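First the structure, in the form of structure tokens, and then the observations on it.
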Amino acid sequence: MRDSTPGAVAAKIGRYTFLSVLLGFFALPMLWLASAPFNAHPTLNVSISSFTLHNFSVLLKDPYALPSLWNSLLLAGGTALLTVGFAAAAAYALSRVRVPGRDGILYALLLLSSIVTGTAAMVPLFQLAFKLHLIDSRLGVILVFTGGLIPAAIFILKDFTDNMPRSYEESARVFGASPFQIIGHIVLPMIRPGLATVTVWAVVNVWSSFLIPYILVRTPEKYPASVVLYTFYTEGGQPNLALISAFSLLYSIPVVVLYLFVSHRYGFRFHGGIKR
């Protein structure tokens, strides 16, 4: 029988009340993001006093708003591609080749990448980009992001590769498969959930980053959306809520679409190899 004592009922009410408050705390920003862009006079409150599309029409006239979304896609896509490619190759090598001090090297890279973040290393990174003539270059921004994300990406993908059965690779070698065929037809398909994890993680990191592109990019036409978003403030620091809300809605759509795609494809039940 279900416990229907006053104490149990009170505990259940308290639990559901807490969950409702917690859900409302996280839902209110999403409700504001969905309502404010269509409000003629948006405030910090969640309401639509008068429905309008004027905010989007003004935003479309901005010469940097929509191109910045394309710039963000280039930076995020390029970084994700390089990060996944290099990290997958390194993770496979560390997983299959017996290198002296392998685990120590991996943990040292992960520790250093966590301690020396992009903010702390911004001065030497700027000097390095300047020496290599990569200032105001999308490639320079992509390389900086990639270098910062690779250590953690290797750590993630190595776990997926370790869980992959070696017997499949050995069977492929028996039938005459080359190393590249083994990697392309066996290894990569088996660690696809890990590759998807790293891809989403890399895209989100680049998509939300402000400091690195703000310092390394000089031409307004090359600014990503994270930098252009801050141009909708006045010199006195007053936000233009109409433009910020409309641009924020457009800014969030690619990440939401990526999340829905990966969630539909993998359900975010990631696991290494084919074992469950």
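In this text, all values refer to a predicted model and were calculated from it rather than measured experimentally.
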>> So, using side chain to side chain contact (heavy atoms under 4.5 Å, CB included) as the criterion, who are the partners of Ala87 when residues are at least two apart?
In response: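 Checked Ala87 against side chain to side chain contact (heavy atoms under 4.5 Å, CB included); matches are Ala153, Ile154, Leu157.
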Could you measure the distance from the [atom1] atom of [X] to the [atom2] atom of [Y]? Nearest 0.5 Å is fine.
X	Y	atom1	atom2	result
Leu216	Leu211	CG	CG	8.5 Å
Thr146	Leu75	OG1	CG	10.0 Å
Lys158	Asn163	NZ	CG	9.5 Å
Thr219	Tyr64	OG1	OH	9.5 Å
Leu188	Met164	CG	CE	9.0 Å
Leu132	Phe130	CG	CZ	11.0 Å

- Task: Decide yes or no on side-chain contact (heavy atoms from CB on, under 4.5 Å) for Phe145 and Ile212, but give the supporting numbers first.
- Result: CA-CA 8 Å; Phe145 277 127; Ile212 292 177; 3.8 Å; yes
Could you check if a side-chain atom of [X] sits within less than 4.5 angstrom of a side-chain atom of [Y], using non-hydrogen atoms only?
X	Y	result
Leu53	Phe38	yes
Tyr168	Ile182	no
Val227	Phe210	yes
Val204	Leu258	no
Leu59	Phe232	yes

Determine yes or no for a side-chain-to-main-chain donor-acceptor pair under 3.5 angstrom, with [X] supplying the side chain and [Y] the backbone.
X	Y	value
Lys222	Arg138	no
Ser209	Val206	no
Ser68	Ala65	yes
Asn55	Pro37	yes

Closest non-hydrogen atom pair, [X] against [Y]:
X	Y	answer
Pro63	Pro67	O-CG, 3.4 Å
Pro165	Glu169	O-OE2, 4.1 Å
His54	Ser57	O-OG, 2.6 Å
Leu69	Tyr251	CD2-CA, 4.0 Å
Pro224	Asn71	CA-CB, 4.0 Å
Trp207	Ser226	O-CB, 3.9 Å

Say whether [X] and [Y] are linked into one hydrophobic cluster, either directly or through other cluster members, by side-chain heavy-atom distances under 4.5 angstrom.
X	Y	result
Val256	Tyr259	yes
Leu81	Val257	no
Phe51	Phe56	yes

Using the side-chain contact (heavy atoms from CB on, under 4.5 Å) rule, take Trp201 and Leu149 through it: C-alpha gap first, then chi angles, then the decisive distance, then the call. CA-CA 9 Å; Trp201 172 70; Leu149 296 176; 3.6 Å; yes
Fill in: Pair Tyr223 + Tyr214: ring centers closer than 6.0 Å
no
Worked check of side-chain contact (heavy atoms from CB on, under 4.5 Å) between Leu134 and Val144: CA-CA 10 Å; Leu134 293 175; Val144 170; over 6 Å; no
Exercise for review: Dump the intermediate steps for side-chain contact (heavy atoms from CB on, under 4.5 Å) on Val141 and Val217, then the final yes or no.
Suggested key: CA-CA 8 Å; Val141 178; Val217 177; 3.7 Å; yes
